[in-house]
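In what follows, a structure is listed as structure tokens, so that the remarks can point back to it.
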Amino acid sequence: GVKAFIDEHYDPNWSHHFTAIVADEDLLFGLARMYEAITASVPTTVEIFREEELAIEWLGRMVR
């Protein structure tokens with residue numbers, strides 16, 4: 001399934017460790033939350049936001 005695909009294609013050499021997803025519609029927000037849950041085994045941090053400004057603020061705090 002999707003989780004197996006994500007686990008198999010994760011590359012530890014990726015330069016990013018933080019991902020912010022902005023989903024301002026309910027359906028997209030729910031799908032993004034499911035994606036967040038199934039990527040828990042990958043050592044990156046995924047956060048879901050409804051507003052772009054909050055996502056940008058969060059990313060700014062993460063990369064310090």
Non-neighbouring partners of Glu52 that pass side chain to side chain donor-acceptor pair (under 3.5 Å), sequence neighbours left out: none
Met34 with Leu27, same ILVMFWY side-chain cluster at under 4.5 Å: yes
Check: Leu28 and Arg50 side chains under 4.5 Å, non-hydrogen atoms: no
Within-4.5 Å side-chain heavy-atom neighbours: Thr44 and Thr39: no
In one Ile/Leu/Val/Met/Phe/Trp/Tyr side-chain cluster, 4.5 Å: Leu54, Val46: no
Cluster check Tyr35, Phe49: I/L/V/M/F/W/Y, side chain < 4.5 angstrom: no
Any residue meeting salt bridge (charged side-chain N to carboxylate O under 4.0 Å, His left out) with Asp24, in chain and number order, not counting sequence neighbours: none
Nearest-0.5 Å distance that lies between atom CD1 in Ile48 and atom OG1 in Thr19: 9.0 Å
Common cluster, Leu59/Phe29, ILVMFWY with side-chain heavy-atom separation under 4.5 Å: no
Residue pairs, two or more places apart or on separate chains, that pass salt bridge (charged side-chain N to carboxylate O under 4.0 Å, His left out) and touch residues 31-47: Arg33-Glu36
